[in-house]
K.L.:
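Here you go, one structure.
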Amino acid sequence: MHPDALEAMVEVLRRTGNPSSLHGPGRAARRVVEESREQLGALLDARPSEVVLTGGGTEADNLAVKGIFWSRTAQDPARRRVLVSAVEHHAVLDPAAWLAEAEGAEVVLLPVDAAGRLRLDALEAELAEHGATTALVSVMWANNEIGTVQPITEVVELAHRYGVPVHADAVQAVGHLPVSFASSGLDAMTFSGHKLGGPVGVGALVARRDLGLVPVLHGGGQERSVRSGTVDTAAARALTVALDRALAELPAEAVRLAGLRDALVAGARAAVEGAVLRGPEPGGSGDAHDLDGAVRLPGNAHLTFAGCEGDSLLYLLDSRGIACSTGSACQAGVPQASHVLLACGVDPDEARGALRFSFGRTSTDADVAAVLSALPEVVERARAAGPASR
Ligand code: PLP
């Protein structure tokens, strides 16, 4: 957490007061929540009343996908199609799959190109044929595994031509790229505290007031009855302080982190044969210097190393004090290739040797040097162990 966010959280935690209570401490807590909401709206170019606080990104994604679907099918039972990109986080993919199973939704996984960017032609063709029966489109702003930034304004423009609302999971984008909810044209957008220097377990769905949303949680009617449950005042405050600091530091941090990312990628390519960057190639106009046109998240480097298991690489690096991830799930003890890499057309065997490095506020040149000094030997050892049998 950003130290300022941590401090703000602890300060609020010391006080009593349920923001739904009518007594003085309750009203004081409510003031903190509403001031936070106002500030969050201002930071994201949204109206305060559009900010629905949730218990994190997964909850906000569930509310968007299920809530919009239920609302749209209630208005027009023919609208049962749900279009999501094939590279979404499971917090979007799984609610969509659940809707297919439990509610008879027709879920369409929209294809991406080799860099993980949504194929707009496929979206256009899908809408041209089925626009009148589509309930919603959900495309993430930026991908958590390979850092690809999606063409959100183009997606919105296409979907709105057919009267279809658009949700974006912006968990990886908010605090890392310039994000304006109003200019994006989006109907709903998810973000999460722990991806931007705030606490785990708090996030929000930013949703236009005229967007129909059927609640997932029923209860006390908080958050304009869309998300019942006592609002976590301390978390709301910490989320707001974290976003404020992240956006203040963003222009300089994006340049710094893109520099670390590029140094790691160049070093890995030079030191390890068969190291392949996945996701878009940064550079050219320079992601770091043209944030509005960024094609890749500044703090994301994703590489595959053919001939070994990502999990072996991960544990070998972990034993040297380097924390990274594979981005793929392990099912029944057998590592699975990531659905994101497979959607990009990466060979399944190559996709198994995947590693994702994420840089943040505390990352330094020395961290990159430590990874690069460990990597050649670690890859050699993992390759000697070979890929696990499937
Ligand atoms: N969406 C994306 C793109 C993410 O990266 C994550 C977290 O890893 C989530 C959703 C889930 O957010 P949370 O951990 O706040 O539930």
Side-chain angles (χ1 to χ4, degrees), residues 1-2 5 9 40 44 51-67 84-98 109-110 112 116-118 137-150 152 155 166-177 179 184 186 188-207 216-217 227 229 231-232 235-236 238-240 242-243 246 278-279 294 296-302 314 323-330 338-341 343-344 354 356-360:
M1 282 178 69
H2 193 289
M9 186 156 188
L40 288 171
L44 294 170
V51 178
V52 177
L53 293 163
T54 67
T58 303
E59 190 196 320
D61 281 344
N62 271 265
L63 174 58
V65 174
K66 296 175 186 165
V84 300
S85 89
V87 295
E88 293 302 306
H89 190 276
H90 279 288
V92 166
L93 282 181
D94 290 14
W98 181 85
L109 295 184
L110 299 166
V112 296
R117 198 174 140 96
L118 183 77
V137 173
S138 182
V139 172
M140 68 205 315
W141 196 301
N143 185 269
N144 49 303
E145 288 186 36
I146 55 173
T148 311
V149 178
Q150 300 292 356
I152 291 298
V155 171
V166 182
H167 163 252
D169 175 338
V171 165
Q172 294 287 332
V174 168
H176 303 275
L177 295 171
V179 168
S184 71
L186 284 166
M189 179 179 92
T190 294
F191 69 100
S192 171
H194 68 112
K195 302 293 170 171
L196 50 87
V200 176
V202 65
L205 185 69
V206 186
V216 174
L217 298 183
R227 196 276 185 184
V231 174
D232 186 339
L239 172 69
T240 307
L243 182 59
R278 302 299 177 179
R296 183 177 193 117
L297 286 172
N300 169 288
H302 182 116
L314 185 153
C324 60
S325 68
T326 59
S328 57
C330 188
S338 138
H339 70 283
V340 173
L341 292 180
C344 296
R356 164 167 58 129
F357 296 92
S358 307
F359 301 102

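Position 1 is the first residue of the sequence, and the numbers go up from there. When a ligand or atom number is given, it counts from 1 through the structure's own listing order.
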K.L.:
What's the separation between atom CG in Asn143 and atom SG in Cys344, rounded to the nearest 0.5 Å?
P.N.:
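These two atoms lie 7.5 Å from each other.
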
K.L.:
Are any side-chain N or O atoms of Arg227 and backbone N or O atoms of Ala60, one a donor and one an acceptor, separated by less than 3.5 Å?
P.N.:
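Answer holds: no.
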
K.L.:
So, taking the atom named CG in Leu93 and the one named OG in Ser85, what distance separates them when rounded to the nearest 0.5 Å?
P.N.:
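Leu93 CG to Ser85 OG: 7.0 Å, rounded to 0.5 Å.
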
K.L.:
When you measure from the side chain of His302 to the backbone N and O of Glu145, does any donor-acceptor pair fall under 3.5 Å?
P.N.:
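The answer is yes, because a donor-acceptor pair under 3.5 Å joins these two groups.
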
K.L.:
Considering only N or O atoms, set out every pair between ligand 1 and the protein closer than 3.5 Å, with distances to one decimal place.
P.N.:
| from | atom 1 | to | atom 2 | distance (Å) |
| --- | --- | --- | --- | --- |
| ligand 1 | 1 (N) | Asp169 | OD1 | 3.3 |
| ligand 1 | 1 (N) | Asp169 | OD2 | 2.6 |
| ligand 1 | 5 (O) | Gln172 | NE2 | 2.8 |
| ligand 1 | 8 (O) | Lys195 | NZ | 3.0 |
| ligand 1 | 14 (O) | His194 | NE2 | 2.8 |
| ligand 1 | 15 (O) | Gly57 | N | 2.8 |
| ligand 1 | 15 (O) | Ser192 | OG | 2.6 |
| ligand 1 | 15 (O) | His194 | NE2 | 3.3 |
| ligand 1 | 16 (O) | Gly57 | N | 3.4 |
| ligand 1 | 16 (O) | Thr58 | N | 2.9 |
| ligand 1 | 16 (O) | Thr58 | OG1 | 2.6 |

K.L.:
State the CG-CZ distance between Leu177 and Arg296, to the nearest 0.5 angstrom.
P.N.:
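Interatomic distance, Leu177 CG to Arg296 CZ, rounded to 0.5 Å: 12.0 Å.
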
K.L.:
Asn62 and Pro95: which non-hydrogen atoms are nearest, and at how many Å?
P.N.:
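For Asn62 versus Pro95, the nearest heavy atoms are OD1-CG, 3.5 Å.
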
